[in-house]
A.B. asks: 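Okay, handing you the structure first.
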Amino acid sequence: MSVSTKYNPREVEQKWFDSWMQRGFFSSKPNPKKEPYTIVIPPPNVTGVLHMGHMLNNTIQDVLIRRARMQGKEACWVPGTDHASIATEAKVVAMLKEKGIEKSDLTREEFLKHAWEWKEKYGGIILEQLKKLGASCDWDRTRFTMEEDMSAAVIEVFVDLYRKGKIYRGVRMVNWDPKGGTALSDEEVIPKDTMAKMYHLQYEVVGQEGQFITIATSRPETIMADVAVAVNPNDERYKQLHGQKVRIPLLGREIPIILDEYVSIDFGTGALKVTPAHDLNDYELGQKHKLPTIDILDDAGFLNEKAQLYVGQDRFAARRNIVKDLEEAGLLVKVEEYASVLQTSERTGAVIEPRLSMQWFCKMDDMAKPAKEAVMEDEIRLHPPKFKNMYRSWMENIRDWCISRQLWWGQQIPAYYLPDGSYVVATTAEEALRLARQQAGNEGLQASDLRQDEDVLDTWFSSWLWPISVFNGFKDPDNKDILYYYPTNDLVTAPEILFFWVARMIMAGYEFRNEPPFKNVYLTGIVRDAQGRKMSKQLGNSPDPLDLIDQYGADGVRTGMLFSSQAGNDLMFDEKLIEQGRNFSNKIWNAFRLIKGWEVDENLPCPNETAMKWYESRFNEAFVQIEDHFSKFRISDALLAVYKLVWDDFCSNYLEMIKPAYQQPIDARTLVTTIDFLEKNLKVLHPFMPFITEELWHELKERKEKEYLIVAAWPKKDKFDKNIIDQMEVVLKVVAAIRNVRNSKNIPNNKQLALSVKVMGQHDYEPFLPIISKLGNMSEISFVQENLEGAISFVEAGDEFFIPMDGNIDVEAERERLVKELEYTQGFLNSVAKKLSNERFVNGAPEAVISNERKKQADAEAKIKALEQSLASL
RNA sequence: GGGGUGUUAGCUCAGCUGGUUCAGAGCACCUGCCUUACAAGCAGGGGGUCACUGGUUCGAAUCCAGUACGCCCCA
């Protein structure tokens, strides 16, 4: 046979993927005769390219969906992307800039036209990459969060929640980029460690000339926006100042001293200036104490007329100037350096200005309640469950969700402002006009009098609807798809977005369909590099997944990723793992080559009944374990169990037992049975390694048009004979001991040895003799009553085994070895005996444990007896 | 600062309900093999005070408390 000794994935993977697509194995339609099994993909960012995190995440989804498909369920995996408003808008702005176009030169419509062009051109890349991995999504169902129906759902939901009183407008502190002229999300802000200066300033106490309180601030240019000085009520130093007022330096405006335990006594001077317009903590303090806010900065970071001083100066220039002036006035006590974190803009590098602005909010407390309970009551299960705690604490301390973004790429907020500044919320401009006329009592209002809110909605405000909207559950709430596929089964995602996304989907599920969106949430870990760093583009420490697939095959990459990926635990990525995956592919390939190469001789009797009986039981035993792992979402354990079954039990043991001598034919019964075993192995391997298994499935036999492994029936749990498994375990230990003798005595494998067995225990070796003989390469096996002289001996299961050495035996070394083993066994026996002589153990422990200990005792005693006899006969 | 979570072989990690599936896997390492399916392989082997201290228990890697160190989330 001239088949390559190396499996070459490149030749087969694309072929089978195309073939599956053509035959429609991935596509799903509601089928009342079948149980649905549904996964919605966590929609990757439309600007994204495949990274290792996606690989892990989507491999797991594919494993789950392929297994379900083979189990005969109606498996539906819905793919798609989200519009990622911030990331995409940034990409489009950058692309335009390269062409010499500024966003500010464009109208909204013009900009969106460019953005859509960009999306059409680059938006599908990541999905194409997923196909290389083998992702068996129903690709005809691919959705995008900004396509027409999905956007309509978002608008409908906004209007609905607004009318239920769950959406409102309010002031909030945002990360403002004065250079870029936009608010940024927290993710776009880069903290930089720097040395900052802490200025100690003196505020004069009103009515006590010459009395000062010293505050510490890193932003002296904002003192004109101060509305109070805060101290801790327990701070003895300031007790006499409670209820007093102080004067802002230079400006002279009077502000109160307020008391709040928020102020730490030992940081700075223990006195804090309160500037609600320019600091988040101060803002909250201001709200709590009902203080006014004075905003002294404009969009570009220059001081405005409210500052009264330094008007028109840049914030940094103003800082330099005010420090100088304060110093001259003698109000600057000292300047301290301290380590601090400077927030900067990812895009412009500008120092972020915390800025108050009017934003839209979604109320969370009502919706959070059922969402919290669903998880706490295990209606929705998190895997691993350790995330329940985190989820609960988040849901209990949830804040309202800021859903507006100062961007164009996204669903524009359906709020329309009237000339008088009031507004209406409506799904269409026409409806808005009608409402506006009603609200204003002015039938003369025209569409042109209304101005739609400029902002768009947060991308999560689209994706929280994803499990419903992919099945058109808003447009058509009783359509066949949503009724059949929803609630979906399993969601596979990263813990990082447990709050951003998962929790909100759960809320949306109950709010809009009164049902959870899914039953299980599998949380993957983060893929890190060997040094434990998160893989990122900036660090350049992430291998290109497509290169890996090219090098090792998708099957190798998939298994490599899964080998070390317990749910919820980070994965230290090492290319070695992928190599191991590839090697496993190769092992399977070669097992196939061996079987494929056999000639049949119909006249031969079958000598392998014991081996076949054993492997059948072993497979069934392992299969029960595998299913158990799957049922508990222990995907990595399931893979490892399959790996060991195939590599150790099937290849290393079973195939070696039945393998005919070189160029000898095999009997028909063994061949048929072995092919059947291989097929069963391929089935349990398929979810993990879809390509090689499909390839071998077709290489093994002629198959009918739709007789593909991808839709072959998943094995069923079946009985197994534990007795033969246990006996074989002993037999394999005997074989290992024989091989160990060869190894330690430098006896070549091709030299046959004789074996004598002195049976003292209950084991029946008779049916296994051909196996021992073959695996150990024995010339003969005999049963004896007496110890053999001049032989190496070992004890297994209380029975003694002898291999004659023609007198070439190092008696002293042998004695030493036996004594060592004897001592160990005696020690072991002592510990067991001690346990059994302990009355409280015997009374307290369950019967099974005690009888087990008794068995251990008996085994050890037998072994000691055998070892002693061996020693004696040396 | 608050909460969560972890520490098991040189490395990456399993170990589920406390008790022989309890100290395990893979990689790495050592020895011997190109033995006709596979050197991307085969056979064999060495290697651990289960972070530390105490407690509960007949019995603890496993449960509890504290300590040290690490990571995550929130402030």
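Per chain, numbering begins at 1; letters A, B, ... match sequence-line order.
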A.B. asks: Could you pull out all residues at least two apart from Glu861(A) that satisfy salt bridge (charged side-chain N to carboxylate O under 4.0 Å, His left out)?
C.D. replies: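 Testing Glu861(A) for salt bridge (charged side-chain N to carboxylate O under 4.0 Å, His left out), a comparison that skips the adjacent residues, returns none.
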A.B. asks: Please state the P separation for the pair G70(B) and G15(B) - nearest whole angstrom.
C.D. replies: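 Nearest-Å result for G70(B) against G15(B) at atom P: 25 Å.
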A.B. asks: Just how far, in rounded Å, is C1' of C38(B) from CZ of Phe650(A)?
C.D. replies: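 Going from CZ in Phe650(A) over to C1' in C38(B) covers 14 Å.
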A.B. asks: Using whole Å, what does the distance between atom P of nucleotide C74(B) and atom CZ of Arg392(A) come to?
C.D. replies: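 Result: 17 Å.
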A.B. asks: Toward the 5' end of RNA chain B, which comes first, Asn590(A) or Tyr7(A), by nearest nucleotide?
C.D. replies: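 Taking each residue's closest nucleotide, the earlier one in sequence belongs to Asn590(A).
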A.B. asks: Round to the nearest Å and state the distance from Tyr283(A) atom OH to A75(B) atom C1'.
C.D. replies: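 Rounded to whole Å, this separation is 18 Å.
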A.B. asks: To the nearest angstrom, how far is Arg593(A) atom CZ from A40(B) atom P?
C.D. replies: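 Going from Arg593(A) (CZ) to A40(B) (P), I get 14 Å.
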A.B. asks: Taking only nitrogen or oxygen atoms into account, show me every contact under 3.5 Å that the protein makes with nucleotides 26-30 of chain B, one pair per line with its distance.
C.D. replies:
residue, atom, partner, partner atom, Å
G26(B), O2', Gln580(A), OE1, 2.6
G26(B), O2', Gln580(A), NE2, 2.9

A.B. asks: Between A37(B) atom P and Met657(A) atom CE, what is the distance in whole Å?
C.D. replies: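 Met657(A) atom CE is separated from A37(B) atom P by 17 Å.
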A.B. asks: Check whether any side-chain heavy atom of Ile724(A) lies under 4.5 Å from a side-chain heavy atom of Phe768(A), and answer yes or no.
C.D. replies: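 When only atoms from C-beta onward are counted, Phe768(A) and Ile724(A) do touch, with a gap below 4.5 Å.
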A.B. asks: Pairing check on C42(B): which nucleotide meets the Watson-Crick or G-U wobble criteria with it, both distances under 3.5 Å?
C.D. replies: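 Pairing partner: G32(B).
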A.B. asks: Taking the six-membered ring for Trp, is the centroid-to-centroid distance between Trp589(A) and Phe592(A) below 6.0 Å?
C.D. replies: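 Aromatic pair counts; centres sit under 6.0 Å.
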